[in-house]
Amino acid sequence: MLIEEDVAEWEVGPDERIYTDTIGIPRRGETLEWAEKKLRRKMRDRFVCQRCGSREHLDVHHTNGIPAISIDDLITLCRSCHLDETRRQ
């Protein structure tokens, strides 16, 4: 059980960016179904870029270049690798 003495007055908790950078937040107009697919793919890939191993600024990429129906058609990439992959297609 947490009591008042356990938390210093000046502590506010972790920066919200820890969550939004890792998990992601739905973009405007994005369905919750798509946001959930992206999160599930990131979880399956252990929140690691599958090309370079980075854990920062993660995106989800459509492996076949078209919107994915299954999370098996997605891959977790950092922004840099995602841009490289998009340029190649």
Applying salt bridge (Lys or Arg N to Asp or Glu O under 4.0 Å), which residue pairs with at least one partner in residues 65-75 are found, sequence neighbours left out? R44-D72

CZ-CG distance between R40 and D45, expressed to the nearest 0.5 angstrom: 14.0 Å

Look only at the side chain of K38 and the backbone of L74, and say whether a donor-acceptor pair between them is shorter than 3.5 Å. no

Whether D84 and R88 form a salt bridge (side-chain N of Lys/Arg under 4.0 Å from carboxylate O of Asp/Glu) is what I want to check. no

Test of understanding: with side chain to side chain donor-acceptor pair (under 3.5 Å), list the residues that count as partners of R51, not counting sequence neighbours. none

Using only atom types and a distance under 3.5 Å, with no angle test, would you say the side chain of R41 pairs donor to acceptor with the backbone of I71? yes

So do the side chains of D59 and C78 get within less than 4.5 Å of each other, counting heavy atoms only? no

Hey, what's the ring geometry for H61 with H82, parallel, tilted or perpendicular (30° and 60° as the breaks)? perpendicular

Minimum side-chain heavy-atom gap F47-L58 below 4.5 Å: yes

Please round to the nearest 0.5 Å and tell me the distance separating atom SG of C49 and atom CD of E56. 11.5 Å

